[in-house]
*Asks:* 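I'd like to ask you about the structure that follows.
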Amino acid sequence: MSLASHPLDSWLTLTFFFICQLARRGLDVVLISRSMEKLKQVATEIEQQHGRRTKVIQTDFTHGSEIYEPIRAALQGLEIGILVNNVGWATEAPVHFMDIVKDVKTIDNIVNCNMLSTVKMTQIILPQMVARKKGIVINLSSMAGWRPVPLQLLYSSTKAFVHFFTEALEIEYRSKGIIMQSILPMFVDSNMTVDVDKFLKISAKSFVWQALNTVGLTNKTNGCLIHAILNNVADTMIPEWLHSSPLGADIIRLVAPKKDANASK
């Protein structure tokens with residue numbers, strides 16, 4: 001059985017295709033989200049299209065540690081073979097840090113959703129994988145976590161945490177038979193990237209298909225060929241000194257999505 005989760009409507013597209021691909025590959029799925037209506041809708045589609053069993057758990061990953069004991073209880077007795085941590089929250093881009101700190105709730109949302117969820121869900125699922133000496137943990141980081149991104153610094157910093165957390169776990173648990181993978185995509189077509197040039201993004205369906213085909217081959221990946229190419233081009237054309245300069249911030253303003261990630265809530 002696999003487990004996938006998402007907290008925001010704008011992430012539903014990517015998560016939906018992860019779930020579909022896993023179900024198509026013969027896995028039952030557990031879905032975790034805050035909207036019971038959408039959970040039931042997706043679960044019904046999975047059952048009808050792929051003939052797999054589903055379980056839904058309602059929660060809001062922008063909340064704190066108190067939400068995880070009910071999740072642990074709901075998962076009791078289930079053998080989870082694959083954990084996909086695909087939660088994410090971002091501010092309107094671009095925005096300076098001092099504009100973010102005016103809204104304490106936004107800071108809590110980003111930290112809880114992007115970092116705490118990854119740690120706590122791994123804490124819940126990893127022990128049973130270690131006991132079986134088999135399991136896969138896929139954590140969605142971002143290319144925004146590869147280098148510091150001014151004007152989107154909280155999202156960038158929290159996604160950097162996800163990447164380093166995953167790489168360190170992979171070192172600790174590779175001998176236990178556990179596959180850990182950090183995926184660092186660029187732009188995937190969703191509500192969060194409607195203002196991004198189509199040349200810079202890939203459809204969620206194609207991205208997920210390519211990303212899942214890399215599991216077991218590498219512990220870190222951009223997820224798809226076009227993102228790997230764009231990453232290499234960006235590293236060549238925008239070296240570290242330029243990226244960290246005022247001109248680098250102007251480049252970020254140019255390519256960053258302009259739509260508020262919370263707009264579709």
*Asks:* Looking at Ile179, Ile178, Ile82, which one forms a side chain to side chain contact (heavy atoms under 4.5 Å, CB included) with Met129?
*Replies:*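 Answer after filtering Ile179, Ile178, Ile82: Ile178.
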*Asks:* Look at atom CD of Glu66 and say whether more than 12 heavy atoms of other residues, nucleotides or ligands are closer to it than 6.0 Å.
*Replies:*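 It does: Glu66 CD has more than 12 such atoms within range.
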*Asks:* Give the cluster check for Leu75 versus Val130: same hydrophobic cluster or not, with ILVMFWY residues linked at side-chain heavy-atom distances below 4.5 Å.
*Replies:*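 Leu75 and Val130: one cluster.
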*Asks:* Is the closest side-chain heavy-atom distance between Ile32 and Ile71 below 4.5 Å?
*Replies:*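 Side chain of Ile32 against side chain of Ile71, heavy atoms only: contact under 4.5 Å found.
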*Asks:* Residues two or more places apart in sequence or in another chain: which of them pass ring pair (Phe, Tyr, Trp, His ring centres under 6.0 Å) with Tyr173?
*Replies:*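 Listed in chain order: nothing, the list is empty.
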*Asks:* Supply the atom-to-atom distance Ser206 OG to Ile226 CD1, rounded to the nearest 0.5 angstrom.
*Replies:*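 Separation between the atoms: 10.0 Å.
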*Asks:* If I take atom CG from residue Leu116 and atom OG1 from residue Thr62, how far apart are they, to the nearest 0.5 angstrom?
*Replies:*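 One gets 11.0 Å once the value is rounded to the nearest 0.5 Å.
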*Asks:* Donor-acceptor pairs under 3.5 Å, side chain of residues 39-51 to any protein atom, not counting sequence neighbours: which ones?
*Replies:*
from, atom 1, to, atom 2, distance (Å)
Thr44, OG1, Lys40, O, 2.8
Glu47, OE2, Thr54, OG1, 2.5

*Asks:* Just wondering, do Met186 and Met143 contact through their side chains at under 4.5 Å, heavy atoms?
*Replies:*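 In short, these two side chains touch, coming nearer than 4.5 Å.
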*Asks:* Are Trp209 and Phe17 in one and the same hydrophobic cluster, where Ile, Leu, Val, Met, Phe, Trp and Tyr link if side-chain heavy atoms are under 4.5 Å apart?
*Replies:*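 No, because Trp209 and Phe17 fall into different hydrophobic clusters, even though each may have its own neighbours under 4.5 Å.
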*Asks:* Measure across Ser142 and Leu184 and return the closest heavy-atom pair with its distance rounded to 0.1 Å.
*Replies:*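 Shortest heavy-atom separation between Ser142 and Leu184 comes out as O-CD2, 3.5 Å.
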*Asks:* If you take all heavy atoms of Asn112 and Gly64, which pair is closest and at what distance?
*Replies:*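 Answer, listing the atom of Asn112 first, then Gly64: ND2-N, 3.9 Å.
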*Asks:* Just by modelled atom types, is the Arg147 backbone N or O under 3.5 Å from a matching donor or acceptor in the Ser156 side chain?
*Replies:*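 It does hold such a pair.
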*Asks:* Between Val29 and Phe18, does the side-chain contact (heavy atoms from CB on, under 4.5 Å) criterion hold? Intermediate values first, please.
*Replies:* CA-CA 10 Å; Val29 295; Phe18 264 111; over 6 Å; no
*Asks:* Does any part of the side chain of Thr221, heavy atoms only, come nearer than 4.5 Å to the side chain of Thr218, both counted from C-beta?
*Replies:*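 The answer is yes, as the side chains (C-beta and beyond) meet within the 4.5 Å cut-off.
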*Asks:* Contact between Ile57 and Leu31 at the side-chain level, heavy atoms closer than 4.5 Å - yes or no?
*Replies:*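 Contact flag for Ile57/Leu31 side chains = no.
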*Asks:* Run the ring-centre check on Phe187 versus His227 and record whether the distance is less than 6.0 Å.
*Replies:*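 For Phe187 and His227, the ring centres are not under 6.0 Å apart.
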*Asks:* Start with the C-alpha gap between Ile136 and Val215, add the side-chain angles, then the distance that decides, and say whether side-chain contact (heavy atoms from CB on, under 4.5 Å) holds.
*Replies:* CA-CA 8 Å; Ile136 299 171; Val215 174; 3.8 Å; yes
*Asks:* When rounded to the nearest 0.5 angstrom, what distance separates NZ in Lys205 from CD in Gln210?
*Replies:*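 The distance works out to 13.0 Å.
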*Asks:* Calculate, to the nearest 0.5 Å, the distance between atoms OG and NZ belonging to Ser65 and Lys120 respectively.
*Replies:*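 Here the rounded value is 4.5 Å.
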*Asks:* Once you round to the nearest 0.5 Å, how far does CG of Asn114 lie from CZ of Phe61?
*Replies:*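 The distance works out to 12.0 Å.
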*Asks:* Go through it in stages, so that I can follow the logic: the residues are Gln76 and Arg72, the test is side-chain hydrogen bond (donor to acceptor under 3.5 Å, both in side chains), and I'd like the CA-CA distance, side-chain angles, deciding distance and then a yes or no.
*Replies:* CA-CA 6 Å; Gln76 191 70 32; Arg72 185 193 299 272; over 6 Å; no
*Asks:* How about Gln181 and Thr214: does a side-chain donor come under 3.5 Å of a side-chain acceptor?
*Replies:*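 On atom types as modelled, these side chains qualify, holding a pair under 3.5 Å.
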*Asks:* Where do Arg53 and Asp28 come nearest, in terms of heavy atoms and distance?
*Replies:*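 The pair with the smallest heavy-atom distance is NH2-OD2, 2.7 Å.
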*Asks:* Return the CD1 to CZ distance between Ile19 and Arg52, rounded to the nearest 0.5 Å.
*Replies:*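 One finds 14.5 Å between CD1 of Ile19 and CZ of Arg52.
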*Asks:* Kindly give the heavy-atom pair with the smallest separation between Phe165 and Thr122, and that separation in Å.
*Replies:*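 Looks like CE2-OG1, 3.9 Å.
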*Asks:* Any heavy-atom pair between the side chains of Ile183 and Asn86 that's under 4.5 Å?
*Replies:*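 The answer is no, as the side chains (C-beta and beyond) never meet within the 4.5 Å cut-off.
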*Asks:* Show your working on side-chain contact (heavy atoms from CB on, under 4.5 Å) between Val111 and Trp89 and close with a plain yes or no.
*Replies:* CA-CA 9 Å; Val111 171; Trp89 185 286; over 6 Å; no
*Asks:* Report yes if the side chains of Asn222 and Pro185 come closer than 4.5 Å at any heavy-atom pair, otherwise no.
*Replies:*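 Answer no - side chains too far apart.
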*Asks:* On a heavy-atom basis, which atom in Ser117 and which in Asn85 lie closest, and how many Å separate them?
*Replies:*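 Scanning both residues completely, I find the closest heavy atoms to be O-OD1, 4.2 Å.
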*Asks:* Measuring only between side-chain heavy atoms, which start at C-beta, is His96 closer than 4.5 Å to Leu151?
*Replies:*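 Sidechains of Leu151 and His96: in contact.
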*Asks:* Can you give me the closest heavy-atom contact between Ser182 and Ser141, atom names plus distance?
*Replies:*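 Smallest interatomic distance, heavy atoms only, reads OG-CB, 3.8 Å.
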*Asks:* Decide side-chain contact (heavy atoms from CB on, under 4.5 Å) for Leu78 and Val30; before the verdict, give the C-alpha distance in whole Å, the side-chain angles of both, and the deciding distance to 0.1 Å.
*Replies:* CA-CA 10 Å; Leu78 296 181; Val30 180; 4.0 Å; yes
*Asks:* Is it the case that Gln128 and Arg132 place a side-chain donor and acceptor less than 3.5 Å from each other?
*Replies:*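 The criterion, which ignores hydrogens and geometry beyond distance, is satisfied for Arg132 and Gln128.
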*Asks:* Establish whether Ile107 and Met98 are linked, either directly or via other cluster members, by ILVMFWY side-chain heavy-atom contacts under 4.5 Å.
*Replies:*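 Same hydrophobic cluster.
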*Asks:* Does any part of the side chain of Ile124, heavy atoms only, come nearer than 4.5 Å to the side chain of Glu69, both counted from C-beta?
*Replies:*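 Not touching, per the 4.5 Å side-chain cut-off.
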*Asks:* Regarding Thr166 and Asn139, is there a side-chain donor-to-acceptor distance under 3.5 Å anywhere?
*Replies:*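 The criterion, which ignores hydrogens and geometry beyond distance, is satisfied for Asn139 and Thr166.
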*Asks:* Check for me, please, whether Leu217 and Leu212 land in the same ILVMFWY cluster - side-chain distances under 4.5 Å, paths through other members count.
*Replies:*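 The answer is no; the residues belong to distinct hydrophobic clusters.
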*Asks:* Would Met121 and Phe164 show up in the same hydrophobic cluster when neighbours are defined by side-chain heavy atoms closer than 4.5 Å?
*Replies:*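 No; Phe164 is not reachable from Met121 via cluster members.
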